[in-house]
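Throughout, protein chains are lettered first and strands after them, A, B, ... in sequence-line order, and every chain is numbered starting at 1. FYI, side chains are in, hydrogens and waters are out, and symmetry mates aren't considered; it's all heavy atoms of this structure.
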Amino acid sequence: MKYLTLFILSMILWLMLTFEFTAANLIAGAVASLICSLFFGRLFVSNVGKLLQPRRYYWFVIYLFVFLWECIKANVDVAYRVLHPAMPIRPGIVKVRTSLKSDMAKMLLANSITMTPGTISVDIIDDCLYIHWIYVRSEDPAVYTAMITGAFEKYIKKIIE
Amino acid sequence: MTAYYMCFGLFLVGLYGVITRRNLVKIAISLSIMEISAFLFFALIGYISGGVAPIVNPADPDKVYVDPLPQALVLTAIVIGLATTALLLAVIIRIYRKYNTFDIREIRNLRG
Amino acid sequence: MKGMSIIVKKTAQLISGMIFIYGIYVIVHGHLTPGGGFAGGVILAGSLILVTLAYGEEFFKLVREEMGTTIVESLATISVILIAVGGFLFGSKIFFNNFLPRGTVGELVSAGVLPLYNIFVGTEVASSIFIIFLSLIIFKEESPK
Amino acid sequence: MELAICIITGFMILGAIYAIHAKDLLSAVITCGIVGYSLVICFLLLKAPDLAIVQIVVDTITLIIMVAVVLDSSREERFSRLDLSGRITAFTSLVVIGILLYFFVIAAENLDALGNSTLRMAAPYINGAAEKTGSANLVTGVVFDFRGYDTMGEAVVLVTAVIGVLAVLRIKGKKEGFGLLKEDSAKA
């Protein structure tokens, strides 16, 4: 099942790269996708049934807009801190507990946090994220958890879990 | 013409590193810098102003193309450069395991 | 060799297949678009290195993989030379003769034996760079600290 | 055009000087990446996309291998004052650099200005080459058709380099098994 999904996905990628529908190109794409799925099939994500549920794509599009808005806000904040003559930064590493279960969801959350300016996710151990923050606003775990992951977590739960 | 001189300056920086540094990793870095300046020099020689990349489009054949010969030479040289750098680093890592240092003077004194 | 954290593992899971298919695209279309055997081979080696770095393998598995890759590399090099010798057998007595029909410029199946050279040289470059990487890892694993 | 290349080459020279003088070997290796990635931009400006694709991947892999070597060691470079032989080396290097500069200035007068290349072999490789080799990418045509011997030699050099790496790095043969590991470490 994993192998078949990877085969179809790589075939779609091949057609998007070449964009011609002659017989030779299709055969070459099929052979390439076959080699690719033989090499990397055992590593691919296991529960591929979720790729076929359209509800998840709907939430993914909404998530993109939410992420964009958070990104703009964080950009303005970091630009203010850099341009301010006194440089009001207070860096530190905080430990955030997340309620997400699957590994893929944790990966998406960590990458979203890294891509918003000002925060970088350093590591994941079990269900705790270690995050480097440019200005540690609060030292209470409940408050900073809501500040960092609150906007993303409920959408990611709907997309992946 | 200035570009050629800048390119040669990069070569001289690499040469300076090879001659004066005593650390084996630094010498490897300097050698790769000299290699890079040679690649850049070849690409500069082949450039023709107003030319396009040497991919022929059968629809409109009348175009000025950049000279493909230096590019073909550099194409093989880059991959060979990677392989020879890897060989150099393999020798360096064996030396480090045996003498526990990267410094060539100490290695010369040890003679073990 | 230990693997990396879960972020790298999951990203490598999704990305490595795409990098591999892009490398094959660069190799196969080498006579039409920028790229070719050398560029595509290095990209293929990059995807394999990414997977090995992210997951980390057992020592014996690494050694087995290295033996397989060595055989692939030697076979690819022999194939390049065999195609070159093929010029003697078909057509005139010239080494590196382009003995297949050339076709029209701009199609996928054209340019005679050049795509075959591209494919075999790509395989050779990919496997040789991967061997270099694997032998560095194996050396670190088996030598005492 | 030439101005842009001069500026990027200036960055490359600065990066190279820092890489040679850095105290920490890891930062030296990473700074060396500046030189390689700037070369990619130069290749794109000089209309050589094939070279740019190769260089950007090769540079990343070189960085990985170098970091793997450096992380194994103490990472520090110890600087010491120049002794007599060091002074002689430095003086000799200055003389060598002066001689090289003199000959380069003589040679540069005979070079064509940037953008007016008149290589003798350029015209036959460009005019009608696509019909002769059947390949739309002229570089591939030159690599595998006109200059096929070069490429075969390159493949052989690559194989030789790999054999060299294997011979240097593999401590034990493949057939003899891994039980020898303990004896070797006891000897050392």
> Between D/Val70 and chain B, with a heavy-atom cut-off of 4.5 Å, which part of the residue counts as in contact: side chain, backbone, both or neither?
side chain
> Measure the spacing between CG of D/Leu46 and CZ of B/Phe42 and express it to the nearest 0.5 Å.
14.0 Å
> For B/Tyr4, does the OH atom sit with more than 12 other heavy atoms under 6.0 Å from it, leaving out its own atoms?
yes
> So, D/Lys47 side chain and B/Val52 main chain: donor-acceptor pair closer than 3.5 Å or not?
no
> Rounded to the nearest 0.5 Å, how far does CD1 of B/Ile78 lie from CG of D/Asp50?
10.0 Å
> Mind ranking D/Val57, D/Val35, D/Val58 by heavy-atom pairs under 4.5 Å with chain B and telling me who comes out on top?
D/Val58
> Could you go step by step and tell me if B/Ile29 and D/Met66 meet the side chain to side chain contact (heavy atoms under 4.5 Å, CB included) rule?
CA-CA 9 Å; B/Ile29 289 174; D/Met66 281 203 176; 4.1 Å; yes
> Examine distances only and state if a side-chain atom of D/Glu2 and a backbone atom of B/Thr2 form a donor-acceptor pair shorter than 3.5 Å.
yes
> For the candidates B/Ile93, B/Ile80, B/Ile92, which exhibits the highest count of non-hydrogen atom pairs separated by less than 4.5 Å from chain D?
B/Ile80
> Nearest heavy-atom pair of D/Ala22 and B/Lys26: which atoms, and what distance?
O-NZ, 2.8 Å
> Between atom CG of D/Leu158 and atom CG of B/Leu82, what is the distance when rounded to the nearest 0.5 Å?
8.5 Å
> Heavy-atom distances under 4.5 Å only: say whether B/Leu88 touches chain D with side chain, backbone, both or neither.
neither
> So, taking the atom named CD in B/Glu35 and the one named OG1 in D/Thr62, what distance separates them when rounded to the nearest 0.5 Å?
9.0 Å
> Which atoms of B/Ile33 come close to chain D, meaning under 4.5 Å heavy atom to heavy atom: side chain ones, backbone ones, both, or neither?
side chain
> Which answer fits B/Val18, side chain, backbone, both or neither, if we ask what part of it has an atom under 4.5 Å from a heavy atom of chain D?
neither
> Most heavy-atom pairs under 4.5 angstrom with chain D, which of B/Val66, B/Leu69, B/Ile55?
B/Leu69
> At a 4.5 Å cut-off on heavy atoms, which part of B/Ser37 comes close to chain D: side chain, backbone, both, or neither?
neither
> Which atoms form the tightest heavy-atom contact between D/Leu45 and B/Tyr47, and what is the distance?
O-CE1, 4.2 Å
> Need one label for B/Leu15: side chain, backbone, both or neither, based on atoms under 4.5 Å from any heavy atom in chain D.
side chain
> Answer with side chain, backbone, both or neither: which region of D/Leu25 has an atom nearer than 4.5 Å to a non-hydrogen atom of chain B?
side chain
> Looking at D/Thr9 and B/Cys7, what are the two nearest heavy atoms and their distance?
CG2-N, 4.2 Å
> Using non-hydrogen atoms only, which part of D/Ile13 is less than 4.5 Å away from chain B: side chain, backbone, both, or neither?
both
> With a 4.5 angstrom heavy-atom cut-off, could you sort out which part of D/Val165 is near chain B: side chain, backbone, both or neither?
both
> Check this for me: D/Tyr18, atom OH, are more than 12 non-hydrogen atoms of other residues, nucleotides or ligands nearer than 6.0 Å?
no
> With a 4.5 angstrom heavy-atom cut-off, is it the side chain or the backbone of B/Tyr96 that approaches chain D, or both, or neither?
side chain
> What do you reckon, is CD1 of D/Ile56 surrounded by more than 12 foreign heavy atoms closer than 6.0 Å?
no
> To the nearest 0.5 angstrom, please state how far the CG atom of D/Leu39 sits from the CG atom of B/Leu10.
9.0 Å
> Under a 4.5 Å heavy-atom cutoff, which of D/Cys32, D/Ala68, D/Ala108, D/Gly15 has the most pairs with chain B?
D/Ala108
> Please classify the contact of D/Val105 with chain B as side chain, backbone, both or neither, using a heavy-atom distance under 4.5 Å.
both
> Let me know if B/Val25 has heavy atoms under 4.5 Å from chain D in its side chain, its backbone, both or neither.
side chain
> Using the rule ring pair (Phe, Tyr, Trp, His ring centres under 6.0 Å), only one of D/Phe103, D/Tyr102, D/Phe104 pairs with B/Phe8; which is it?
D/Phe104
> Restricting to non-hydrogen atoms, name the atom on D/Cys42 and the atom on B/Leu40 that form the minimum distance, rounded to 0.1 Å.
CB-CD1, 3.8 Å
> Can you name the nearest heavy-atom pair linking D/Ala161 to B/Leu87, along with the distance?
O-CD1, 4.1 Å
> Tell me which of these, D/Thr140, D/Val162, D/Thr92, D/Leu101, has more heavy-atom pairs under 4.5 Å with chain B than the rest.
D/Leu101
> Between D/Pro49 and B/Ala53, what is the shortest heavy-atom contact and its length?
CD-CB, 3.7 Å
> In Å, rounded to the nearest 0.5 Å, how long is the span from CG of D/Asp150 to CG of B/Leu73?
6.5 Å
> Please step through side chain to side chain contact (heavy atoms under 4.5 Å, CB included) for the pair D/His21 and B/Arg21, ending with a clear verdict.
CA-CA 9 Å; D/His21 281 276; B/Arg21 294 297 106 180; 3.8 Å; yes
> Given a strict heavy-atom distance threshold of 4.5 Å, which part of B/Thr76 is in contact with chain D: side chain, backbone, both, or neither?
both
> Looking at B/Leu44, B/Val91, B/Val79, B/Ile27, which makes the most heavy-atom pairs under 4.5 Å with chain D?
B/Leu44
